[in-house]
Engineer: 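Handing you a structure now.
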Amino acid sequence: MTTELRRLRNFIDGEFRDAADGRTTEVVNPATGEAYATAPLSGAADVDAAMAAAAAAFPVWRDLVPGDRQKALLKIADAIEARAEELIAAESENTGKPLALTRSEEVPPMVDQIRFFAGAARMLEGRSAGEYMEGMTSIIRREPVGVCVQVAPWNYPMMMAVWKFAPALAAGNTVVLKPSDTTPASTVLLAEIIGGVLEELGHPKGVFNVICGDRETGRLMVEHPVPAMASITGSVRAGMQVAESASKDLKRVHLELGGKAPVVVFEDADIAKAVEEISVAGYFNAGQDCTAATRVLVHESVHDEFVTALAKAAADTKTGLPDDEDVLFGPLNNANQLKQVAGFIERLPSHAKVEAGGHRVGETGYFYAPTVVSGLNQDDEIVQHEVFGPVITVQSFSDEQQAVSYANGVEYALASSVWTKDHARAMRMSKALDFGCVWINTHIPLVAEMPHGGFKKSGYGKDLSSYGFEDYTRIKHVMTSLG
């Protein structure tokens with residue numbers, strides 16, 4: 001007996017639609033490896049329709065007093081909170097994530113972040129008026145940029161959608177958002193929720209649009225003449241392609257790309273605390289996090305002790321099905337990702353040692369064991385490139401200078417952490433580490449008020465915080481003669 005697949009649809013101008021040419025792709029539950037839904041494979045006609053809707057809605061949404069946009073965002077946050085269980089179920093089917101952790105670790109921050117940006121909506125201000133030339137008064141206007149195209153990744157489909165649309169809408173922009181082709185379900189449900197709020201409040205239907213599709217759909221969005229800005233969270237390759245496409249008409253670009261976070265553990269650190277927190281920060285979400293604590297650098301005097309403890313922590317960490325409340329993480333997102341993670345382990349050099357894990361778990365779904373690899377050199381593939389899986393590598397260093405050299409010696413520069421009881425050393429390291437975030441004696445906490453974003457091949461622009469809000473605005477100078 002064949003189970004009928006659920007039918008997901010685009011959300012354009014306040015209504016759900018199939019792709020104009022009827023094309024679809026199958027959506028697979030990574031916990032089972034089986035398809036559970038179809039989603040539109042959107043083409044040029046769908047992109048045109050979404051852009052037209054967003055462009056038509058923009059002047060009205062832009063010209064609202066900020067308090068009205070704040071009210072809409074607060075209602076969206078309330079509606080998401082009220083329908084949390086539906087979103088949790090959709091996200092778990094999207095990703096295979098544990099239900100309990102999605103409930104505790106994702107929905108509350110999402111709601112909080114939307115409420116933060118609801119407050120930011122009322123902070124669209126420039127510098128105060130002043131006279132900088134005799135007989136002339138200058139003022140600064142901060143304005144929305146226009147229609148924003150946004151592409152969200154598959155590792156946190158719901159939360160990254162929030163990071164995209166919340167600051168954009170708060171600033172007065174309209175949005176066309178594309179989820180990953182492997183994880184569209186929760187974003188389509190968000191569209192239903194947001195569309196309902198906008199309709200209830202009498203706002204234009206085209207303020208928020210969702211179109212499903214693949215990489216080609218994303219390219220059509222970015223190269224479309226209507227948007228003023230393109231924002232993507234994804235791989236370095238995808239970010240470079242977006243930047244290249246956007247350059248054709250000089251669109252503003254916001255990129256949050258890969259990471260290879262160094263976790264620098266000095267000899268005076270609390271080893272037990274470090275191991276406990278690093279293992280969670282490395283394996284959470286199956287290591288599918290650009291800030292994951294997956295590249296550990298340990299002082300040579302405590303290296304062996306640390307590796308032994310970390311291997312035990314890995315062995316004690318469980319992966320499993322979404323309804324098992326005793327697991328830290330679920331499967332990898334798709335078959336290609338499972339192949340990629342396994343490939344890194346299969347290609348390890350002879351001097352590397354797998355201390356724990358290093359294998360697939362079960363034959364159903366895309367589960368991979370918590371893994372620890374030691375004995376690595378700085379130029380090894382697994383040190384230099386993002387694995388994006390539940391794999392923690394460990395290297396040793398001899399002194400602070402070498403720790404900084406190893407830490408900075410990759411092409412990524414998103415996040416990092418330092419573990420030491422020496423305050424002066426922590427301050428020196430926070431200055432020397434070339435990363436957009438440095439945590440001290442912790443790793444991975446995020447708050448709405450603080451910026452998230454990196455340097456180098458990790459991209460540019462900030463998510464969260466007032467800095468992320470400002471990324472979705474432009475500056476206009478107005479000068480008036482007093483004569």
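Heavy atoms only: backbone and side chains are in, while hydrogens, waters and symmetry mates are out. Position 1 is the first residue of the sequence; numbering continues from there. The model shown is predicted, which means the values in this text are computed figures rather than measured ones.
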Engineer: With under 30° as parallel and over 60° as perpendicular, where do the rings of Phe117 and Phe469 fit, or are they tilted in between?
Structural biologist: tilted

Engineer: For Glu244, enumerate each residue passing the side chain to side chain donor-acceptor pair (under 3.5 Å) test, keeping only those at least two apart in sequence or located in another chain.
Structural biologist: none

Engineer: In plain terms, say whether Asp268 and Lys421 are close enough for a salt bridge, that is, a side-chain N and a carboxylate O under 4.0 Å apart.
Structural biologist: no

Engineer: May I ask you to decide whether Arg103 forms a salt bridge with Glu85, counting only side-chain N to carboxylate O separations under 4.0 Å?
Structural biologist: yes

Engineer: Under a 4.5 Å cut-off applied to non-hydrogen side-chain atoms, are Thr233 and Trp163 in contact?
Structural biologist: no

Engineer: Going by heavy atoms in the side chains, are Asn333 and Asn155 under 4.5 Å from each other?
Structural biologist: no

Engineer: Thinking salt bridges, do Glu93 and Arg6 make one under a 4.0 Å N-O criterion?
Structural biologist: yes

Engineer: My understanding is that only residues two or more places apart in sequence, or in another chain, count here; which of them pass side chain to side chain donor-acceptor pair (under 3.5 Å) with Tyr472?
Structural biologist: Gln150, Ser231

Engineer: Would you please test Asp214 and Lys178 for salt bridge (Lys or Arg N to Asp or Glu O under 4.0 Å) and show each step?
Structural biologist: CA-CA 9 Å; Asp214 59 7; Lys178 189 188 87 67; over 6 Å; no

Engineer: Would Glu267 and Arg425 pass as an ion pair if we require N to O under 4.0 Å?
Structural biologist: yes

Engineer: Is any NZ, NE, NH1 or NH2 atom of the basic residue among Glu143 and Arg474 found under 4.0 Å from an Asp or Glu carboxylate oxygen of the other?
Structural biologist: yes

Engineer: Look at the aromatic rings of Trp61 and His203 and report parallel, tilted or perpendicular, splitting at 30° and 60°.
Structural biologist: perpendicular

Engineer: Any salt bridge between Glu81 and Arg115, counting N to O under 4.0 Å?
Structural biologist: yes

Engineer: Can you confirm whether Val394 sits close enough to Glu355 that some side-chain heavy atom of one is under 4.5 Å from a side-chain heavy atom of the other?
Structural biologist: no

Engineer: Of Trp419, Phe306, Phe397, Tyr406, which is the lone residue that meets ring-ring contact (aromatic ring centres under 6.0 Å, His included) with His299?
Structural biologist: Phe397

Engineer: Under the rule for side chain to side chain donor-acceptor pair (under 3.5 Å), what residues qualify as partners of Gln340, not counting sequence neighbours?
Structural biologist: none

